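Reminder, nothing fancy here: chain letters follow the sequence lines and each chain counts from 1. This is a predicted model, so every value here is computed, not measured. Worth knowing before you read on, the calculation uses all heavy atoms, side chains too, and leaves out hydrogens, waters and symmetry mates.
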Amino acid sequence: MRVVVCVKHVPDIQQPRSLRADGLLVRGGDDDTLNELDEDAVEAGLRTAEAAGFPAEGHDVTVLTVGPSAAVESLRRGLAMGASTAVHVHDDAVAGSDAIATARVLAAAVAKLHAEQPVDVVVAGMAALDGLTSLVPAALAELLGWPQLTLADRIEVADGVVSVRRETSTDVEELTAPTPAVLSVTDQAFRARFPNFKGIMAARKKPVTTWTLSDLDLAGTAVGAAGSATRVVNAAERPERPDRVLVTGDAETVPALVDYLSQKGFV
Amino acid sequence: MSEQDDRTRGAVAVLVDHLDGVVKPTARELLTLARGLDRQVHAVWVRAEGGPAAPTAELAAHGADIVHDVEVTGADAQLTASVVDALQTVLAAVDTVGLLLVPSTFEGREVAARLAVRTGAGVVTGASGVTFEDGRWSAHKTVLAGAWDTACAVTGPLAVVAVAPHAVQALAQDGVAEPSVVRHTAAASSAARAVTVVSRTRRPTSERPPLAEAEVVVVGGRGVEGDFSGVEELADVLGGAVGATRVATDEGWIGHEAQVGQTGVTISPRLYLGLGVSGAVHHKGGMAASATVVAVNSDPDAPIFEFADYGVVGDLTEVLPALTAELRRRKG
Ligand SMILES: Cc1cc2nc3c(=O)[nH]c(=O)nc-3n(C[C@H](O)[C@H](O)[C@H](O)COP(=O)(O)OP(=O)(O)OC[C@H]3O[C@@H](n4cnc5c(N)ncnc54)[C@H](O)[C@@H]3O)c2cc1C
Ligand SMILES: Nc1ncnc2c1ncn2[C@@H]1O[C@H](COP(=O)(O)O)[C@@H](O)[C@H]1O
């Protein structure tokens, strides 16, 4: 079984984050980290491969990222959790890609991996906590022409068929599709394992392959700002909410609160 | 160029979200938003073969000039790829559409992503509004857990904007002419046909409005200490929905579908009331766009007070019952 897990290196959401004058997110801080939701994707990928015999010979879990040089740290984290190989697509032309352009790079990388050794499933997280678009997994499926099974909370692969369970806003669904397929997972079902010391040490020795756009036969115009059909034209820090009120007390505070709700038209 | 030509050029299409033929409140908002742009408005209704036909009068009252009623054949009509097939069929028939509005749900965003790949469209998600400037569509959205406001322009031939709930107030107009209705059949693509729906079970629905669409959301956090009955009572007095933090859903005090936040439901109600909620960044990311934020928390240093419009530093066990009682009294 071959599993590819897409992981993104993002600014730590617990730290102040900001946008540059050109509207792009400030990246490259010391606290930048593996997108938390992609830890669940790595976990899901590992469990899926383990069910087929990974880490025995012939099975592989590859972590894949598209990002700046520091993104290799997120790959190391995935390797420390147990992934066997890592691929880093790193090319200055990729900076400033929107979600669809990013998916284009990921698709080219997955296609190259697939040509080398067939991939059974690609697993992504439910969202990257920087842009929070949740566009990439579906775009990736469309680009690869592989079936899309997103927001899974249970995954089984057997005899060339992937089965997932997922919850939509209204339904619980069980879907199946032939492999290879593109999956994303929620943060509900795949609580990520914590890398142990042995894993962290082993990760240092595992291979990380670096590809540029030319390795992927992608033109610079297909990615970055040139390959993105969206552009941030204005970005401003939001002012604090004006006229904020803070009162202290218990039941005696209630009449004034109800007056406030009433003024706003909620009563 | 006549006024009619101007309205037609760069028409707006709206993907109408519905559940078994019942139009979702957010779809009425999207149509209202589209009507306000003063373009020809195409409503796209996607259904299974023999599924419920488009409620044309309701769609017209909210802004549709033309209703496209699309039956998907050959695959499950609710699959993302099927919806994209249906939209592509309409876009092929109406080549004037410059802006497509979809709901900013997970499903709506996935539809946007696939359509963008197929058509070269630019996608903006979680938008609170759209404008037409310098010959292109631009969408407004709040990012980084409510800390920044941005405008994002679409440079591609088609703008697909996933709109957050409550971007505008849905408004039906009286005396609107019957829209013209165009029927289409969309043959599902191989992407849709590849997926088999083995089972689909409707989750039990509550009497309360759905979380994502509710005008008022009352959220309980760890501070409710296991008992959501007070939160539910207050929600009912205000006609709102009940939400929860991840702590409350992980503890099993309430179902996971009630989780508000970055990895739960993203909400932007007119009123958010947080009870015993600390305001962690994961939570804030899913509610920062709420119009009015009210918080009750016993800890004066709780982060939620940094962005609440009205905060009460107090004990829930005292404040909550008094608040519900006072609201009941004033409502008579
Ligand atoms: C990957 C990831 C994703 C996450 N996604 C989400 C998400 O989508 N949504 C989400 O909500 N969380 C999410 N979380 C969790 C989030 O980080 C916080 O842990 C959570 O939001 C805190 O919930 P809380 O406010 O109920 O609990 P706490 O942070 O423990 O706060 C409880 C508050 O209640 C107050 N309180 C206690 N007793 C009383 C009383 N008697 N009267 C008044 N006030 C009282 C306390 O002062 C405190 O401020 C996520 C975490 C991770 C790692
Ligand atoms: N630059 C990237 N490199 C690798 N994976 C990514 C990248 N961007 C997004 N992804 C994957 O796509 C998922 C959804 O991201 P997004 O659509 O950006 O919210 C993430 O959880 C990742 O699994």
A.B. asks: Would you mind reporting whether Glu107(B) and Thr170(A) have side-chain heavy atoms less than 4.5 Å apart?
C.D. replies: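 Result no, sub-4.5 Å side-chain heavy-atom pair not found.
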A.B. asks: Which heavy atom in Val319(B) sits nearest to a heavy atom in Gly249(A), and how many Å separate them?
C.D. replies: CG2-O, 4.1 Å
A.B. asks: Give the intermediate values and the outcome of side-chain hydrogen bond (donor to acceptor under 3.5 Å, both in side chains) for residues Glu110(B) and Ser134(A).
C.D. replies: CA-CA 7 Å; Glu110(B) 289 181 353; Ser134(A) 300; over 6 Å; no
A.B. asks: If you count heavy-atom pairs within less than 4.5 Å of chain B, which of Glu252(A), Glu240(A), Glu36(A) leads?
C.D. replies: Glu36(A)
A.B. asks: Roughly how far apart are Thr292(B) OG1 and Arg241(A) CZ, rounded to 0.5 Å?
C.D. replies: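 Here the interatomic distance stands at 7.0 Å.
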A.B. asks: Find the one option among Leu143(A), Val232(A), Thr248(A), Thr176(A) whose heavy-atom pairs under 4.5 Å with chain B are most numerous.
C.D. replies: Thr176(A)
A.B. asks: For a quick test of reading the model, state the closest non-hydrogen atom pair linking Cys152(B) to Thr230(A) and the distance between them.
C.D. replies: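 For Cys152(B) and Thr230(A), the tightest heavy-atom pair comes out as SG-CB, 3.9 Å.
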A.B. asks: What pair of heavy atoms forms the shortest contact from Ala251(A) to Ala322(B), and how long is it?
C.D. replies: CB-CB, 3.9 Å
A.B. asks: Between Thr150(A) and Thr80(B), is any pair of side-chain heavy atoms under 4.5 Å apart?
C.D. replies: no
A.B. asks: So, does Arg244(A) use its side chain to make a donor-acceptor pair with the main chain of Glu306(B) at under 3.5 Å?
C.D. replies: yes
A.B. asks: Would you please go through residues 181-192 of chain A and name the residues with a non-hydrogen atom below 4.5 Å from one of chain B, in numerical order?
C.D. replies: Asp187(A), Gln188(A), Arg191(A)
A.B. asks: Any chance you could measure Asn234(A), atom CG, to Thr150(B), atom OG1, to the nearest 0.5 Å?
C.D. replies: 8.5 Å
A.B. asks: Hey, does Leu257(A) have a side-chain heavy atom less than 4.5 Å from the side chain of Leu323(B)?
C.D. replies: yes
A.B. asks: Do Leu175(A) and Thr196(B) have side chains that get closer than 4.5 Å, going by heavy atoms?
C.D. replies: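 Counting from C-beta outward, Leu175(A) and Thr196(B) never come under 4.5 Å.
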A.B. asks: So His256(B) and Glu167(A), side-chain hydrogen bond (donor to acceptor under 3.5 Å, both in side chains) or not? Walk me through it.
C.D. replies: CA-CA 10 Å; His256(B) 164 61; Glu167(A) 290 189 11; 5.4 Å; no
A.B. asks: Select one option (side chain, backbone, both, neither) describing which atoms of Leu25(A) are under 4.5 Å from chain B's heavy atoms.
C.D. replies: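 The side chain, not the backbone.
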A.B. asks: Rounded to the nearest 0.5 Å, how far does OG1 of Thr201(B) lie from CG of Asp171(A)?
C.D. replies: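 One finds 7.5 Å between CG of Asp171(A) and OG1 of Thr201(B).
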A.B. asks: Checking side-chain polar atoms at under 3.5 Å, does Ser199(B) have a donor or acceptor matched by the opposite partner on Glu173(A)?
C.D. replies: no
A.B. asks: Using every non-hydrogen atom in the two residues, find where Phe106(B) and Met126(A) come nearest and quote the distance to one decimal.
C.D. replies: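 Scanning both residues, the minimum pair turns out to be CZ-CE, 3.6 Å.
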A.B. asks: Should Arg200(B) and Val172(A) be marked as a side chain to side chain contact (heavy atoms under 4.5 Å, CB included) after you check the CA-CA gap, both sets of side-chain angles, and the distance that decides it?
C.D. replies: CA-CA 6 Å; Arg200(B) 179 178 287 136; Val172(A) 178; over 6 Å; no
A.B. asks: Does any heavy atom of chain B fall under 4.5 Å from the side chain of Pro255(A), the backbone, both, or neither of them?
C.D. replies: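 For Pro255(A), heavy atoms of backbone and side chain both lie under 4.5 Å from chain B.
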A.B. asks: Measuring from atom CG of Asp259(A) to atom OH of Tyr310(B), what distance do you get when rounded to the nearest 0.5 angstrom?
C.D. replies: 8.0 Å
A.B. asks: Name the one of Val254(A), Val247(A), Asp250(A) that satisfies side chain to side chain contact (heavy atoms under 4.5 Å, CB included) with Val312(B)?
C.D. replies: Val247(A)
A.B. asks: At a 4.5 Å cut-off on heavy atoms, which part of Ala145(B) comes close to chain A: side chain, backbone, both, or neither?
C.D. replies: both
A.B. asks: Tell me if a side-chain donor or acceptor on Arg203(B) pairs with a main-chain N or O of Thr168(A) at a distance below 3.5 Å.
C.D. replies: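 Yes, because the side chain of Arg203(B) sits within donor-acceptor range (under 3.5 Å) of the backbone of Thr168(A).
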A.B. asks: With only heavy atoms counted, which part of Arg136(B) is less than 4.5 Å from chain A, the side chain, the backbone, both or neither?
C.D. replies: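 It is the side chain, since no backbone atom gets that close.
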A.B. asks: Taking the side chain as everything from C-beta on, heavy atoms only, tell me whether Leu149(A) gets closer than 4.5 Å to Val195(B).
C.D. replies: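 Touching, per the 4.5 Å side-chain cut-off.
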A.B. asks: For a 4.5 angstrom cut-off between non-hydrogen side-chain atoms, does Val245(A) reach Asp309(B)?
C.D. replies: no
A.B. asks: Where does Ser228(A) contact chain B at under 4.5 Å (heavy atoms): side chain, backbone, both or neither?
C.D. replies: backbone
A.B. asks: When rounded to the nearest 0.5 angstrom, what is the spacing between CD in Gln262(B) and CG in Leu132(A)?
C.D. replies: 4.5 Å
A.B. asks: At their closest point, which heavy atom of Pro178(A) faces which heavy atom of Ala194(B), and how far apart are they?
C.D. replies: CD-O, 3.2 Å
A.B. asks: To the nearest 0.5 Å, tell me how far Leu144(B) CG sits from Ile13(A) CD1.
C.D. replies: 10.5 Å
A.B. asks: Does anything in residues 260-267 of chain A get under 4.5 Å of chain B by heavy atoms, and if so which residues?
C.D. replies: Tyr260(A), Leu261(A), Lys264(A), Phe266(A), Val267(A)
A.B. asks: Can you tell me which portion of Arg270(B) sits under 4.5 Å from chain A's heavy atoms? Options are side chain, backbone, both or neither.
C.D. replies: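 Contact with chain A: backbone and side chain both.
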A.B. asks: Could you report the tightest heavy-atom contact between Ala138(A) and Ala113(B), atom names first, then the distance?
C.D. replies: CB-CB, 4.0 Å
A.B. asks: Please tell me if the side chains of Glu237(A) and Trp148(B) come closer than 4.5 Å, counting only heavy atoms from C-beta onward.
C.D. replies: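 Side chain of Glu237(A) against side chain of Trp148(B), heavy atoms only: contact under 4.5 Å found.
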